[in-house]
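Naming: A, B, ... by sequence-line order, numbering from 1 per chain.
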Number of protein chains: 2
Amino acid sequence: MKGPWWQQRLCDYGFRLTNPRAMIIGILRNTEKHLSAEEIYIDAVKINPSIGLTTIYRTLDLFTQIGVVQKFDFGDGRARYELTNNPLKKDHHHHLVCVKCKTIIDYTDFVHEELELMNKTEKALSRKYRFNIYHHTVHFYGICSQCQREG
Amino acid sequence: MKGPWWQQRLCDYGFRLTNPRAMIIGILRNTEKHLSAEEIYIDAVKINPSIGLTTIYRTLDLFTQIGVVQKFDFGDGRARYELTNNPLKKDHHHHLVCVKCKTIIDYTDFVHEELELMNKTEKALSRKYRFNIYHHTVHFYGICSQCQREG
DNA sequence: TGAATATTGATAATGGTTTCCATTAACAGG
DNA sequence: CCTGTTAATGGAAACCATTATCAATATTCA
């Protein structure tokens with residue numbers, strides 16, 4: 001009766017539970033990385049060779065809309081996706097991005113303090129600008145040690 | 001001898017001062033908005049009809065590299081650019097984005113506090129992950145009041 | 001001024017993402 | 001269980017922002 005939260009969420013919004021959808025959740029649950037649509041597709045084909053790339057995009061878009069996944073742009077020309085509640089991942093984290101090799105580090109240092117301030121800010125912005133805010137991103141950009149060495 | 005800071009910057013890096021470059025700076029200086037390459041192109045053509053879109057992209061990329069402009073992705077499928085030192089704009093600000101109509105608000109509320117924390121975090125991340133960090137972004141995403149009304 | 005070379009602009013190519021549409025699968029009611 | 005209704009899928013083609021190519025042009029420095 002009661003499935004995982006994302007199934008519940010699909011149901012609540014009147015969407016159907018399908019194999020591709022379950023599979024994509026499974027793939028995202030099993031990685032700590034920020035996969036692109038194509039990377040997910042590559043994994044998905046190993047499980048079900050007849051799946052289409054279109055379905056991956058559509059599904060990720062749907063999941064993003066209903067808050068099951070979060071879509072990011074780290075500046076490498078493709079969108080990347082992360083499960084909102086990924087058991088493998090740090091609970092709440094922000095991102096540190098190498099603009100050269102595109103490595104992404106999920107950091108939690110100071111995130112507690114950050115969150116406190118972000119929540120306060122979110123409340124103030126909501127009120128002042130009458131926005132219905134539902135998420136935020138904090139990205140630091142720089143050059144990782146590896147890329148620094150390589151000039 | 002001593003031009004504006006961006007000319008100095010170009011010079012320092014061994015790049016030449018050209019009309020298209022000056023024009024693009026001029027366009028960015030005259031707006032508070034976050035223009036896309038094409039929007040800049042449209043303005044540029046009014047001034048010099050023979051300018052090419054390619055030049056806009058190349059120039060924006062160059063300016064981004066040397067820190068004269070900052071490139072953003074707000075999720076509407078195109079990059080948007082902002083002059084690093086825009087006299088028309090708030091000195092340091094973060095962004096509040098409507099995911100529906102793509103309106104972008106530059107807010108400064110709490111930015112002072114945010115910056116303090118961001119600087120502290122930046123230092124800690126730099127040390128811990130040996131990153132050479134040179135900028136950050138803070139984006140809040142939500143639905144603006146207008147879009148809320150329109151359902 | 002003129003040589004050396006960085007920059008430009010038109011065109012074509014690239015590549016991630018969407019659209020279209022005929023086929024298939026999910027699910028509610030019988 | 002079947003079965004009809006309708007949402008979801010997948011393959012191909014279209015889209016569209018951004019890049020690469022390359023001959024023509026503009027800038028800089030001696």
(message) Applying a 4.0 Å non-hydrogen cut-off, can you work out what Gly77(B) is touching in the nucleic acid: base, sugar-phosphate, or nothing?
(response)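 Gly77(B): backbone/sugar contact only, no base atoms under 4.0 Å.
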Nucleotide [N], atom [atom2] - distance to [atom1] of [X] in whole Å:
X         : N       : atom1 : atom2 : value
Asp76(B)  : dT17(C) : CG    : C1'   : 14 Å
Arg78(A)  : dT18(C) : CZ    : P     : 14 Å
Lys102(B) : dA17(D) : NZ    : P     : 14 Å
Tyr13(B)  : dA6(C)  : OH    : C1'   : 18 Å
Arg16(B)  : dA4(C)  : CZ    : P     : 13 Å
Asp73(B)  : dG16(C) : CG    : C1'   : 13 Å
Leu17(B)  : dT8(C)  : CG    : P     : 10 Å
Leu10(A)  : dA25(C) : CG    : C1'   : 15 Å

Pairs under 3.5 angstrom only: tabulate donor-acceptor contacts from the side chains of residues 28-35 of chain A to other protein residues two or more places apart or in another chain.
| residue | atom | partner | partner atom | Å |
| --- | --- | --- | --- | --- |
| Asn30(A) | ND2 | Gly26(A) | O | 3.2 |
| Thr31(A) | OG1 | Lys33(A) | N | 2.9 |
| His34(A) | NE2 | Glu82(A) | OE1 | 3.1 |
| His34(A) | NE2 | Lys89(A) | NZ | 3.1 |
| His34(A) | NE2 | His95(A) | NE2 | 3.1 |
| His34(A) | NE2 | Asp106(A) | OD1 | 3.0 |

(message) Hydrogens and angles aside, do His135(B) and His139(A) bring a side-chain donor and acceptor to less than 3.5 Å of each other?
(response)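 Result is no, nothing qualifies.
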Give the cluster check for [X] versus [Y]: same hydrophobic cluster or not, with ILVMFWY residues linked at side-chain heavy-atom distances below 4.5 Å.
X         : Y         : result
Val99(B)  : Val69(A)  : no
Ile105(A) : Tyr141(A) : no
Leu60(B)  : Ile47(B)  : yes
Ile24(B)  : Leu53(B)  : yes

(message) Can you tell me which nucleotide in dT8(C), dT27(D), dA8(D) comes closest to the side chain of Arg21(B)?
(response)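 Looking only at heavy atoms from C-beta outward on Arg21(B), the closest nucleotide is dT8(C).
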(request) Check whether any side-chain N or O of Thr18(A) sits under 4.0 Å from OP1 or OP2 of dT9(D), and answer yes or no. (result)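 Yes, because at least one side-chain N or O of Thr18(A) sits under 4.0 Å from OP1 or OP2 of dT9(D).
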(message) By nearest heavy atom, map Phe15(B) and Gly14(A) onto DNA chain D; which one lands nearer the 5' end?
(response)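 Whichever sits nearer the 5' end wins; that is Gly14(A).
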(message) Taking the ring of Phe72(B) and the ring of Phe74(B), is the distance between their centroids below 6.0 Å?
(response)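 Under 6.0 Å, so yes.
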(message) Is the shortest side-chain heavy-atom distance between Tyr129(B) and Asp109(A) below 4.5 Å?
(response)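 In contact.
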(request) Mind listing the residues from residues 62-70 of chain B sitting with a heavy atom below 4.0 Å of DNA chain C? Number order is fine. (result)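 Under 4.0 Å from DNA chain C: no residue of residues 62-70 of chain B.
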(message) Among residues 38-61 of chain B, which ones have heavy-atom contacts with DNA chain C below 4.0 Å?
(response)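 Within this stretch, Ser50(B), Ile51(B), Gly52(B), Thr54(B), Thr55(B), Arg58(B) sit under 4.0 Å of the strand.
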(request) Return the orientation label for the His94(A) and His92(A) ring planes: parallel under 30°, perpendicular over 60°, tilted otherwise. (result)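 Rings of His94(A) and His92(A): perpendicular, as their planes differ by over 60°.
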